[in-house]
Amino acid sequence: MKPYLFLALIVLVTPTSYGQHTSSAKPAYVLVDKFDPTRDAAKDIQAAIAEAKKGQKRVILDVGGEWCIWCHRLDSLFQRNKDLDEYMHKKFVVVKVNFSKENQNAKVLSRYPKIPGYPHLFVLDNNGKLLHSQDTGELEEGKGHSREKVFAFLRKWTPPSARE
């Protein structure tokens with residue numbers, strides 16, 4: 001009886017591919033939702049463009065850093081307004097691109113217009129072509145960002161095929 005018990009134990013702990021589906025498909029897109037100086041922004045942007053093509057979306061590059069109070073204020077606007085956050089992620093693929101003393105992403109950001117302040121938003125089509133450069137100072141109201149102005153910005157740049 002012991003040999004059968006030993007064999008059963010081996011079967012339980014031995015990795016097997018029986019019944020497992022193997023796929024050569026690329027892994028799902030991973031949202032870049034933190035300003036991280038160690039990330040490869042060029043690769044993140046390319047992955048976002050590929051994801052945008054799949055879903056007929058546009059890409060928003062959110063350029064800033066963890067040091068930036070206005071970046072955190074913009075993030076908190078989306079955290080407080082779930083409908084705004086859901087709309088943005090339904091219509092756009094969003095990539096946070098770090099700009100800090102540790103990594104200014106100078107090579108990647110040199111492809112786009114000069115940034116006057118942070119956070120800054122770039123809207124790309126799903127081929128990576130720049131459609132718009134947005135100074136978020138224009139979206140501010142008081143000590144934060146205006147929900148209405150940000151929503152209007154998103155609606156304006158929503159792809160025509162995704163408009164309701």
Side-chain angles (χ1 to χ4, degrees), residues 24-163:
S24 61
K26 291 183 179 181
Y29 173 75
V30 176
L31 177 67
V32 182
D33 62 353
K34 301 280 184 220
F35 297 112
D36 181 351
T38 65
R39 294 197 63 86
D40 183 333
K43 284 184 181 177
D44 290 341
I45 294 167
Q46 286 306 310
I49 291 167
E51 183 68 14
K53 281 183 182 182
K54 287 189 225 173
Q56 295 300 306
K57 297 180 177 185
R58 289 187 171 159
V59 176
I60 292 179
L61 304 181
D62 178 1
V63 185
E66 289 303 314
W67 54 267
C68 169
I69 186 68
W70 284 96
C71 298
H72 291 291
R73 288 177 180 173
L74 183 59
D75 288 345
S76 71
L77 175 74
F78 287 101
Q79 291 165 358
R80 290 188 321 271
N81 295 276
K82 295 300 179 194
D83 60 331
L84 186 63
D85 188 62
E86 287 173 11
Y87 183 91
M88 179 175 64
H89 287 95
K90 182 178 177 186
K91 311 291 184 179
F92 300 90
V93 178
V94 181
V95 179
K96 288 197 179 281
V97 177
N98 182 77
F99 180 89
S100 67
K101 63 182 177 181
E102 297 86 11
N103 183 357
Q104 293 185 356
N105 279 303
K107 185 175 180 182
V108 168
L109 293 175
S110 70
R111 302 177 194 161
Y112 305 105
K114 185 175 166 97
I115 296 173
Y118 299 93
H120 192 86
L121 305 175
F122 292 113
V123 180
L124 313 179
D125 70 10
N126 64 10
N127 290 311
K129 179 184 171 195
L130 176 68
L131 298 175
H132 183 67
S133 175
Q134 181 64 53
D135 176 357
T136 58
E138 297 171 7
L139 306 177
E140 292 174 10
E141 185 172 86
K143 291 191 177 201
H145 295 86
S146 163
R147 180 187 185 285
E148 291 73 27
K149 289 178 183 178
V150 172
F151 229 140
F153 161 77
L154 292 173
R155 284 188 190 109
K156 180 177 181 179
W157 293 104
T158 295
S161 62
R163 292 190 179 138

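Owing to the predicted nature of the structure, the values given are computational and were not obtained by experimental measurement.
- Put simply, the side chain of H145 reaches to within 4.5 Å of the side chain of T136, judged on heavy atoms.
- Under the salt bridge (Lys or Arg N to Asp or Glu O under 4.0 Å) criterion, no residue pair touches residues 98-108, with sequence neighbours excluded.
- For the atom pair K114 NZ and L109 CG, the distance stands at 12.0 Å (nearest 0.5 Å).
- Of the candidates Y112, F122, W157, W157 is the only one forming a ring pair (Phe, Tyr, Trp, His ring centres under 6.0 Å) with H132.
- What you find for Y118 and V63 is that their closest heavy atoms are CD2-O, 3.5 Å.
- With rounding to the nearest 0.5 angstrom, the CG atom of L61 is 4.5 Å from the CG atom of L124.
- Between L74 and L139, the closest side-chain pair of non-hydrogen atoms is not below 4.5 Å.
- Two residues are said to be in side-chain contact when any heavy atoms from C-beta on lie closer than 4.5 Å; F153 and V123 meet this criterion.
- Within the structure, salt bridge (Lys or Arg N to Asp or Glu O under 4.0 Å) pairs that include any residue of residues 29-43 comprise R39-D44 (at least two apart or interchain).
- Residue pairs satisfying the salt bridge (Lys or Arg N to Asp or Glu O under 4.0 Å) criterion with at least one member in residues 138-150, sequence neighbours excluded, are listed as follows: D83-R147.
- Listed by chain and residue number, F35, P37, S100, N103, N105 satisfy the side chain to side chain contact (heavy atoms under 4.5 Å, CB included) test with N98 (two or more places apart in sequence, or in another chain).
- Within the structure, salt bridge (Lys or Arg N to Asp or Glu O under 4.0 Å) pairs that include any residue of residues 119-135 do not occur (at least two apart or interchain).
- The minimum heavy-atom distance between T158 and L154, with the atom names listed, is OG1-O, 2.7 Å.
- Of all heavy-atom pairs between K91 and P159, the closest is O-CD, 3.8 Å.
- In terms of heavy-atom proximity, V59 sits nearest to A52 at CG2-CB, 3.7 Å.
- Pairs passing the side-chain hydrogen bond (donor to acceptor under 3.5 Å, both in side chains) check and including a residue from residues 63-80, sequence neighbours excluded, read D75-K96, S76-R80.
- Of all the heavy atoms in E51 and V93, the pair that sits closest is CG-CG2, 4.0 Å.
- Of all heavy-atom pairs spanning I49 and G128, the tightest one is CD1-CA, 3.4 Å.
- The CG atom of N81 sits 11.0 Å away from atom CD of E86, with the distance rounded to the nearest 0.5 Å.
- Counting heavy atoms from C-beta on, the side chains of F92 and K57 never come closer than 4.5 Å.
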